[in-house]
There are 2 protein chains.
Amino acid sequence: MPDFIVGIDGGGTSCRAAVAARDGFILGRGKSGAANILTDPDTALANILAATQGAFREAGIDERHIVSAAALVGVAGHNVGEAVHYVRARLPFARAAIESDGLIALQGALGDRDGAVGILGTGTLYIIRQAEAVRYLGGWGFAVGDLGSGARLGHAALQECLLAHDGIHEKTALTRALLDEFGNDPGRIVEFARAAHPGDFGRYAPTVFDHAERHDATALSIIRAAAATIDEALDTVARLTGPDDGLCLLGGLAKLYIPYIAERHASRVGQPLADALTGAVALAAARFAAAEVTS
Amino acid sequence: MPDFIVGIDGGGTSCRAAVAARDGFILGRGKSGAANILTDPDTALANILAATQGAFREAGIDERHIVSAAALVGVAGHNVGEAVHYVRARLPFARAAIESDGLIALQGALGDRDGAVGILGTGTLYIIRQAEAVRYLGGWGFAVGDLGSGARLGHAALQECLLAHDGIHEKTALTRALLDEFGNDPGRIVEFARAAHPGDFGRYAPTVFDHAERHDATALSIIRAAAATIDEALDTVARLTGPDDGLCLLGGLAKLYIPYIAERHASRVGQPLADALTGAVALAAARFAAAEVTS
């Protein structure tokens with residue numbers, strides 16, 4: 001059994017690491033830049049190491065122990081075989097497992113309890129865990145999924161700008177503000193949208209929620225339609241979980257959506273116990289302790 | 001005044017040309033490959049010339065008369081300045097005007113009558129003409145517009161496949177058939193969608209209409225939602241036109257949509273008088289005869 005275990009929460013904007021004792025007690029934390037194993041695996045590897053070194057330094061543990069540690073790495077793209085093989089073979093640890101960023105978030109939010117999380121951010125993803133079985137709903141990305149996501153909200157808002165410009169829908173404060181931002185030139189909106197990544201659309205999501213709070217008809221209609229897609233997904237989640245299972249909504253838009261989702265779901269939503277990094281450490285402790293016992 | 005006038009209907013898959021006498025009487029027609037002035041202006045120029053040569057040959061007129069002819073060229077992208085300047089400077093005619101493919105379609109469909117056309121194909125676009133004033137609604141492209149288009153229908157159908165795969169929506173014949181086509185592997189649908197051009201999505205639109213005709217619930221819901229966006233656009237068109245103005249729906253999906261659009265619009269829709277190529281010739285005859293009179 002390793003002396004130390006490491007949990008990694010690797011995200012598209014930053015990577016966080018925690019080093020813990022064998023029982024999962026966290027001794028130190030570190031942070032570095034983006035860890036996207038799909039788009040830039042070498043930078044992800046460098047940032048996983050940098051965040052781990054930071055965690056060891058904070059814990060006052062000699063960094064030479066990194067190579068003998070066991071790590072659980074939570075990242076987006078864990079189901080894309082090639083990227084996972086490439087990264088796993090190059091990680092600096094004695095043993096390592098790669099799991100989805102969603103699974104470590106679920107473990108952090110629910111602890112060892114059965115249940116589900118909905119992650120409502122730039123994308124949307126639902127994860128259900130029943131004993132050992134883990135099931136994913138959604139999370140297919142902006143091109144043909146991610147209903148209710150920040151990217152979809154921003155995209156819908158820009159689309160409404162063009163409809164308002166053409167006089168097909170009435171202008172409201174939301175579309176006036178966004179059209180203003182593009183110099184009232186619909187061609188510039190089209191240009192922006194053609195080049196936009198999901199995150200670029202997603203940056204407009206908070207604006208849509210702001211206007212909805214002030215009862216803007218366009219913003220309300222966009223968010224109600226999006227919330228209906230979240231309700232449908234949560235209906236499926238409810239069918240696949242028990243009545244006493246946990247349910248948490250995570251991600252940047254989770255709190256913002258609560259007033260708009262159906263009462264049957266909102267009333268079940270609980271506070272997450274801890275964050276994804278804590279979840280990664282807990283999974284690492286369970287995984288490598290269990291492996292020790294069974295091997 | 002030129003001895004001959006030429007009308008060009010340049011499209012993304014083929015280019016058609018007609019040569020006519022000064023009064024607009026068509027003497028011969030020709031056809032060649034794609035004429036997309038935005039993505040491949042040099043090929044467009046070559047195909048405009050080839051189609052024109054074909055028309056002159058069919059009419060039995062010496063091709064040396066091409067350089068003294070006056071032409072009206074209808075193409076997509078007529079409002080993108082750079083492409084228009086490049087192409088206009090290199091056209092083989094003594095005089096030439098470049099207009100939108102939509103305007104020549106409107107002229108063909110309505111003749112000299114005021115009114116509007118909706119073009120329902122891979123994209124969607126509405127054009128209103130009142131005396132000399134021409135106004136466009138929609139036509140912003142797939143990235144953030146083209147509601148109700150074939151591309152949008154196909155995209156919605158693939159999105160429904162993922163929702164059905166996840167158990168969020170019930171499977172129906174449409175989603176079963178499409179999932180089958182992708183080997184029941186949602187990852188392949190995502191891959192397809194990430195690389196797809198609007199035309200690639202649009203190829204699934206006829207399948208959606210087929211299933212709707214057989215009362216498939218998914219297909220009906222996709223098409224009803226799309227038809228509602230067309231109704232909204234046509235409501236705006238109706239506000240901007242007179243009660244006796246013409247209204248035609250053109251494009252590959254026009255006939256298919258008729259059973260699904262609101263009665264208030266369907267009852268106003270008339271048969272087009274002629275095609276876009278005829279419209280290009282008529283506009284050429286009017287334009288260059290008028291110019292002769294006023295200059």
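Predicted model only: the values in this text are computed from it and were never measured.
Here B:L162 is the residue among B:I189, B:V190, B:L162 with the most heavy-atom pairs under 4.5 Å with chain A. Ranked by non-hydrogen atom pairs under 4.5 Å with chain B, the options A:G167, A:C161, A:A156, A:G145 are led by A:G167. Ranked by heavy-atom pairs under 4.5 Å with chain A, the first of B:R239, B:R152, B:R135 is B:R152.
Counting heavy-atom neighbours within 6.0 Å of A:R194 CZ, excluding the residue itself, gives a total of 12 or less.
The CG atom of A:L158 sits 13.0 Å away from the CH2 atom of B:W140 when rounded to the nearest 0.5 Å.
Checked by atom type and distance alone, the side chain of B:H165 never pairs as donor or acceptor with a backbone atom of A:L137 at under 3.5 Å.
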Could you give the side-chain donor-acceptor pairs of residues 224-231 of chain B under 3.5 Å, partners two or more places apart or in another chain?
| from | atom 1 | to | atom 2 | distance (Å) |
| --- | --- | --- | --- | --- |
| B:T229 | OG1 | B:A226 | O | 2.6 |
| B:D231 | OD1 | B:A262 | N | 2.9 |
| B:D231 | OD2 | B:A262 | N | 3.2 |

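Residue A:L163 touches chain B through its side chain alone, counting heavy-atom pairs closer than 4.5 Å. Only the side chain of B:L147 comes within contact range of chain A, with heavy atoms under 4.5 Å apart.
Listed here is the closest heavy atom pair of B:H155 and A:V144: NE2-CA, 3.9 Å.
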Please step through side-chain contact (heavy atoms from CB on, under 4.5 Å) for the pair A:T236 and B:D166, ending with a clear verdict.
CA-CA 9 Å; A:T236 304; B:D166 282 342; over 6 Å; no

